[in-house]
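Down below is the structure, laid out as structure tokens.
Letters A, B, ... are given to chains in the order of the sequence lines, protein chains preceding strands, and every chain is numbered from 1.
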Number of protein chains: 2
Amino acid sequence: MNNVRFATSLHILTLLTYMKDELLSSEFIAGSININPAVVRKEISNLRNNGLIESKEGKGGGSRLAKPASEIRIADIYKAVKPASVLGKSNTPNPACPIGKDINQHIDNLYQDTENFLLKKLENMTLEKFTKKFS
Amino acid sequence: MNNVRFATSLHILTLLTYMKDELLSSEFIAGSININPAVVRKEISNLRNNGLIESKEGKGGGSRLAKPASEIRIADIYKAVKPASVLGKSNTPNPACPIGKDINQHIDNLYQDTENFLLKKLENMTLEKFTKKFS
DNA sequence: TGTACTGTAATAATAAATATTACAGTATGA
DNA sequence: TCATACTGTAATATTTATTATTACAGTACA
């Protein structure tokens, strides 16, 4: 993963956890992360599609957590933003080569195993626990 | 990680393991992976800098493993190619925001923990074991 | 000395990630 | 009902990352 989306989503969710009684606007959130409000809205849209956030349109609108921070796992955030396997993508090797012919199957297995292993770890970490680290 | 470098490096090392008594040329390897020889040479250069491969220049030259496949861990390959943390990069949040001010430190910790966890897994997997999966 | 390699740099091409702009749609409340 | 302040989303531009290609000097072999 060579992007900033996990950090952005975690930042958004941390803010929502900290101010859980208010609806936060994309502009407010963007000001904290220091990025463009439209990017925040797109990321919120994704988190909403993943059931982590709910939003209210119109004046006075904004977003809040869709469920308690204790029920949002870091794995949920990771799954919502990851563009590829932890270990990356595959080539399209030469099928005429005995190694090339089969390697993608073995690589896929390795990727899957690694992914599952990582998810097990991230499933034991919650947003609540993360936000508690802030004094 | 959203690139193909891990797969490319693993492919190279798998070939070298399978034909461990020969020096393989970048062109041969490129033919198996189905990519450009110069890309292979660049990847080999990286693996060589990481002590996994040794090469011989000139006519009849090529590359081979620098040590037995049983001593090359998947973690070594991963470390050699990864461009960023498993979870990605960070933003540069607003220091005037109480959350923004501290979040990068906490995110860095999370990234580091996750990384270490993953490495522990990958350190238990060797290139030898991987190549044994080929019939 | 010709040949077949590596090593590496420069450049080009493609793809991914991020930023920006714009605007329709929606809810609020004066 | 209308001005206002939001969201949602698309279109586009910009920037950065990734991969491919070309070129060529250097090296070793026969």
Measure [atom1]/[X] against [atom2]/[N] and give the value in whole Å, please.
X	N	atom1	atom2	value
Ile44(B)	dT6(C)	CD1	P	7 Å
Arg48(A)	dG8(D)	CZ	C1'	7 Å
Arg5(B)	dA17(D)	CZ	P	13 Å
Phe6(B)	dA17(D)	CZ	C1'	20 Å
Lys42(A)	dA11(D)	NZ	P	11 Å
Lys56(A)	dG25(C)	NZ	C1'	15 Å
Lys59(A)	dT1(D)	NZ	P	17 Å
Asn46(B)	dG7(C)	CG	C1'	14 Å

(message) Once you measure the plane-to-plane angle for Phe6(A) and Tyr111(B), does it fall in the parallel (<30°), tilted (30-60°) or perpendicular (>60°) bin?
(response)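 The arrangement is tilted - the two ring planes meet at 30° to 60°.
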For [X] and [Y], which I'm curious about, is there any donor-acceptor pair between the side chains at under 3.5 Å?
X	Y	result
Glu123(A)	Tyr78(A)	no
Ser63(B)	Ser55(B)	yes
Thr126(A)	Arg73(A)	no

(message) Can you identify which nucleotide, out of dC5(C), dT18(C), dG7(C), has its nearest atom closest to the Glu57(B) side chain?
(response)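 Per side-chain heavy atoms of Glu57(B), the pick is dG7(C).
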(message) When you group the ILVMFWY residues by side-chain heavy-atom contacts below 4.5 Å and let the links chain together, are Ile77(B) and Phe117(B) in the same group?
(response)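 No, because Phe117(B) and Ile77(B) fall into different hydrophobic clusters, even though each may have its own neighbours under 4.5 Å.
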(message) Over all strands shown, is Ser26(A) touching base, sugar-phosphate only, or nothing at heavy-atom distances under 4.0 angstrom?
(response)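 Contact class for Ser26(A): sugar-phosphate only.
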(message) What residues from residues 29-41 of chain B pass a heavy-atom cutoff of under 4.0 Å to DNA chain C?
(response)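 Arg41(B), in order of number.
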Please state whether the phosphate of [N], meaning OP1 or OP2, lies under 4.0 angstrom from any side-chain nitrogen or oxygen of [X].
X	N	answer
Ser25(B)	dA4(C)	no
Asn2(A)	dA16(C)	no
Ser63(A)	dT7(D)	no
Lys89(B)	dT18(C)	no

(request) Look at the side chain of Tyr18(A) and the backbone N and O of Phe134(A), then say whether any donor-acceptor pair between them is shorter than 3.5 Å. (result)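 Yes; judged by distance alone, with no hydrogens or angles, the pair exists.
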(message) Please determine whether a side-chain nitrogen of the Lys or Arg among Arg48(B) and Glu54(B) lies less than 4.0 Å from a carboxylate oxygen of the Asp or Glu.
(response)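 No salt bridge links Arg48(B) with Glu54(B).
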(request) Could you say whether Gly58(B) or Gly62(A) is positioned toward the 5' end of DNA chain D, judged by the nucleotide with the nearest heavy atom to each? (result)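 With Gly58(B) and Gly62(A) compared, the 5'-side residue is Gly62(A).
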